[in-house]
Amino acid sequence: MIALVDCNSFFCSCERLFRPDLKNKPVVVLSNNDGCIISRTQEAKQLGLKMGGPYFEIKSFCRKYDVHVFSSNFSLYTNISDRVMSTLEKFSSLVEIYSVDEAFLDLSTCQNDLKVMGKKIKQTIDQEIGIPVGVGIAKTKALAKVANYLAKKSDEVVVLDNEEVVNDALKLVPIEDLWGVGRQNQIKMKALGIMTAYDFKNYDNEKHIQSVFTKTGLQLKKELEGISCFSLSKATPKKKSILSSRSFGQVVTSKEELKKSIAYHISLAAQSLRKQNSLCSQLYIFLRTSYYGKTEFHSKTTQINFSVPVDDTLFLIEQGMKAVDKIYQQNILYKKAGVGLEKIVDNDSYQLGLFDRPNNERKTLMNLMDQINNREGKFTLKSMACGVDNSLWKMKQDFKSPRYTTSWNDLYKLK
DNA sequence: TCTGGGGTCCTAGGACCC
DNA sequence: TCTGGGGTCCTAGGACCC
């Protein structure tokens with residue numbers, strides 16, 4: 001059996017940890033740039049605030065109903081997430097961290113009653129970390145997701161441990177709420193008369209499912225039948241692509257400013273590439289305007305391939321600057337820029353060209369830079385291409401809480 | 001004024017091979 | 001009159017997730 005443990009309103013719950021006065025009050029957390037809502041407490045949901053809703057539209061509403069608003073504080077959230085995950089490891093030797101606020105636990109060797117086990121997990125996380133979680137337990141990942149979905153509604157631990165219980169549960173899940181069914185597929189499902197997860201499980205034409213919803217769709221159906229198709233894995237696999245991008249706090253038109261932001265993103269992405277001991281053979285960059293602007297949407301992407309894979313920030317920046325020259329256009333109101341590193345390979349086994357020699361000096365320099373930046377903080381040592389003043393494209397964060405758990409300067413102060 | 005960021009997987013179709 | 005058959009590899013784009 002597999003448990004899915006998922007933190008309730010995770011980002012909001014993290015904020016509440018250090019603001020106990022916000023208990024039972026509506027709280028929301030905004031995306032980067034204070035753009036839109038990405039986490040809501042139950043109270044905020046009840047007020048009708050929507051996930052993904054733009055903040056500027058609900059600003060006065062929040063003031064009126066005393067909704068507490070936070071900018072996102074990811075260093076806090078990832079730190080709390082790490083604590084939750086390591087606590088979960090006490091309950092199973094196989095914990096798959098599925099996202100910042102969710103994990104699958106293998107409970108196949110669990111001797112106790114599963115419901116009791118689920119309650120124990122809830123209590124422990126609440127007591128040791130202070131974050132409320134929901135627990136759903138079932139035979140496959142997809143069914144554990146269903147169990148968790150129902151657990152959230154009742155605040156009980158839900159265990160789906162026999163056919164009848166599973167069927168009853170699946171009838172309660174509208175097809176659009178099923179894990180793996182998104183905006184497009186729910187339309188197709190409904191056209192086939194599939195309105196609930198139960199209908200999907202019992203749809204009897206597998207070939208048709210495969211052709212309409214691809215291999216993944218068929219796997220999902222089998223998972224609902226109790227046949228495991230998505231296995232649990234502990235190891236966090238290396239990333240196959242690494243992205244860094246950000247919307248600007250304001251519109252940017254200057255090529256020099258765009259170059260600085262691209263250099264900045266390349267620095268971040270390359271550092272994360274080196275962290276997982278990888279190299280990349282492709283760099284792509286993009287510049288685009290706002291989706292919502294008055295002028296027509298404009299977006300340009302370009303990519304550069306390297307015959308020998310690299311992880312050298314300075315080399316990548318050099319290439320990135322050329323790429324900006326290629327796609328930049330004057331009089332465009334740029335609102336977002338970003339880079340991606342692709343075709344990622346391990347740095348201990350890759351193909352050199354016949355006449356290529358690794359640049360060991362650069363390697364030493366990158367190592368040193370990473371060491372210093374890990375110790376002293378990001379961008380302590382950086383390429384001057386990133387510039388010294390990024391106020392023009394810096395993001396907006398008007399409601400950011402202190403980094404209580406990751407910065408000495410932000411430590412919680414007691415009288 | 002103002003709408004996020006970072007990922008994975010799958011498939012069709014093009015390019016190529018003999 | 002009339003022009004084969006069987007493959008592999010790669011990529012862009014679309015779907016999904018949080």
Side-chain angles (χ1 to χ4, degrees), chain A residues 4 6-11 28-39 49-60 62 69-74 77-78 81 96-104 141-142 145 148-149 175-189 209-220 229-230 233 236-251 265 268-269 272-273 276 281-282 284 286 288-294 297 299 301-303 305 333 335-344 395-399:
Chain A
L4 175 61
D6 155 300
C7 302
N8 301 338
S9 311
F10 182 55
F11 297 165
V28 298
V29 171
L30 303 179
S31 63
N32 280 331
N33 255 326
D34 296 340
C36 53
I37 298 177
I38 55 171
S39 179
L49 293 171
K50 295 269 179 287
M51 188 70 169
Y55 175 59
F56 73 91
E57 279 179 11
I58 49 137
K59 209 177 208 166
S60 52
C62 287
V69 177
F70 289 94
S71 301
S72 37
N73 185 348
F74 287 108
Y77 311 150
T78 48
S81 172
E96 177 182 325
I97 299 172
Y98 179 64
S99 76
V100 69
D101 70 334
E102 269 177 74
F104 289 104
K141 279 185 169 178
K145 271 277 187 184
N148 184 280
Y149 170 85
I175 195 66
E176 63 267 28
D177 289 349
L178 183 66
W179 184 49
V181 177
R183 261 212 296 273
Q184 301 304 314
N185 284 345
Q186 63 170 285
I187 298 169
K188 294 180 192 165
M189 292 272 186
I209 295 295
Q210 157 99 41
S211 74
V212 180
F213 304 103
T214 75
K215 184 180 160 188
T216 339
L218 187 55
Q219 286 177 321
L220 180 60
C229 295
F230 308 134
S233 62
T236 41
K238 289 189 178 184
K239 281 173 190 146
K240 296 175 178 175
S241 65
I242 296 173
L243 310 176
S244 178
S245 72
R246 198 91 11 166
S247 297
F248 305 131
Q250 53 182 290
V251 155
H265 289 303
L268 284 178
S272 131
L273 183 72
Q276 64 165 29
S281 298
Q282 189 179 66
Y284 80 82
F286 68 88
R288 69 163 178 78
T289 60
S290 165
Y291 284 126
Y292 311 95
K294 285 173 196 132
F297 178 66
S299 171
T301 305
T302 185
Q303 61 200 29
N305 291 292
L333 307 176
K335 193 66 207 293
K336 184 170 180 177
V339 314
L341 306 180
E342 306 258 7
K343 296 187 181 167
I344 289 176
M395 64 179 174
K396 222 165 84 178
Q397 284 194 311
D398 291 342
F399 320 102

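Each chain gets a letter, A, B and so on, in the order the sequences are listed, and its residues count up from 1.
Each of A:Gly35 and A:Thr216 was assigned the nucleotide of DNA chain B with the nearest heavy atom; the assignment lying further toward the 5' end belongs to A:Gly35. Residue A:Tyr55 is the one, among A:Tyr55 and A:Ser211, whose nearest nucleotide of DNA chain B lies closer to the 5' end (criterion: closest heavy atom).
What separates NZ of A:Lys335 from P of B:dG5 is a distance of 9 Å, to the nearest Å. In this structure, the CG atom of A:Asn33 is 7 Å from the P atom of B:dT3, given to the nearest Å.
A:Lys238 meets the salt bridge (charged side-chain N to carboxylate O under 4.0 Å, His left out) test with A:Asp346; sequence neighbours excluded. The ring-ring contact (aromatic ring centres under 6.0 Å, His included) test applied to A:Tyr149 returns no partner, not counting sequence neighbours. Residues passing the salt bridge (charged side-chain N to carboxylate O under 4.0 Å, His left out) test with A:Lys396: none are found, sequence neighbours excluded. Annotation: side-chain contact (heavy atoms from CB on, under 4.5 Å) contacts of A:Asp6 (sequence neighbours excluded): A:Asn8, A:Asp101, A:Glu102, A:Asn148, A:Lys152. Residues forming a side-chain hydrogen bond (donor to acceptor under 3.5 Å, both in side chains) with A:Lys336 (at least two apart in sequence, or on another chain): none. With sequence neighbours excluded, no residue satisfies side-chain hydrogen bond (donor to acceptor under 3.5 Å, both in side chains) with A:Lys59. For A:Tyr292, there are no ring-ring contact (aromatic ring centres under 6.0 Å, His included) partners two or more places apart in sequence or in a different chain. With sequence neighbours excluded, the residues satisfying ring-ring contact (aromatic ring centres under 6.0 Å, His included) with A:Phe74 are A:Phe11, A:Tyr77. Judged as a side-chain contact (heavy atoms from CB on, under 4.5 Å), and not counting sequence neighbours, the contacts of A:Glu342 are A:Ser241, A:Gln282, A:Tyr284.
Looking at the side chain of A:Glu102, the nearest of the listed nucleotides C:dC18, B:dG6, B:dT3 is C:dC18. The nucleotide whose nearest atom lies closest to any side-chain atom of A:Arg246 is, among B:dT3, B:dG4, B:dG6, B:dG6.
Contacts of A:Lys188 with the nucleic acid, taken as non-hydrogen atoms under 4.0 Å apart, are absent. Heavy atoms of A:Asn32 sit under 4.0 angstrom from primed sugar atoms or phosphate atoms, though from no base atom. As judged by a 4.0 angstrom heavy-atom cut-off over every strand, A:Tyr291 is placed among residues making no nucleic acid contact. Within 4.0 Å (heavy atoms only), A:Lys240 reaches sugar-phosphate atoms of the nucleic acid but no base atom. As judged by a 4.0 angstrom heavy-atom cut-off over every strand, A:Leu30 is placed among residues making no nucleic acid contact. Using a 4.0 Å heavy-atom criterion, one finds that A:Ser244 contacts the sugar-phosphate atoms exclusively.
Taking side-chain N and O atoms only, A:Ser245 has a distance below 4.0 Å to OP1 or OP2 of B:dG6. Not one side-chain nitrogen or oxygen of A:Ser247 sits closer than 4.0 Å to the OP1 or OP2 atom of B:dT3. The shortest distance between the side-chain N/O atoms of A:Lys336 and the OP1/OP2 oxygens of B:dG5 is below 4.0 Å.
Scanning both residues, A:Asn305 and A:Lys343, for their nearest heavy atoms gives OD1-NZ, 3.3 Å.
Rounded to 10 degrees, the angle separating the terminal helix axes of the helix from B:dG5-C:dC18 to B:dC18-C:dG5, each built from five base pairs, is 10°.
A ring-centre distance under 6.0 Å is not found for A:Phe230 and A:Phe104.
Taken residue by residue, residues 178-185 of chain A places no heavy atom nearer than 4.0 Å to DNA chain B.
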Could you list the protein-to-nucleotides 7-11 of chain C atom pairs, N/O on both sides, closer than 3.5 Å?
from, atom 1, to, atom 2, distance (Å)
C:dT11, OP1, A:Lys343, NZ, 3.2

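Going from atom CG of A:Leu49 over to atom OG of A:Ser39 covers 11.5 Å, rounded to the nearest 0.5 Å.
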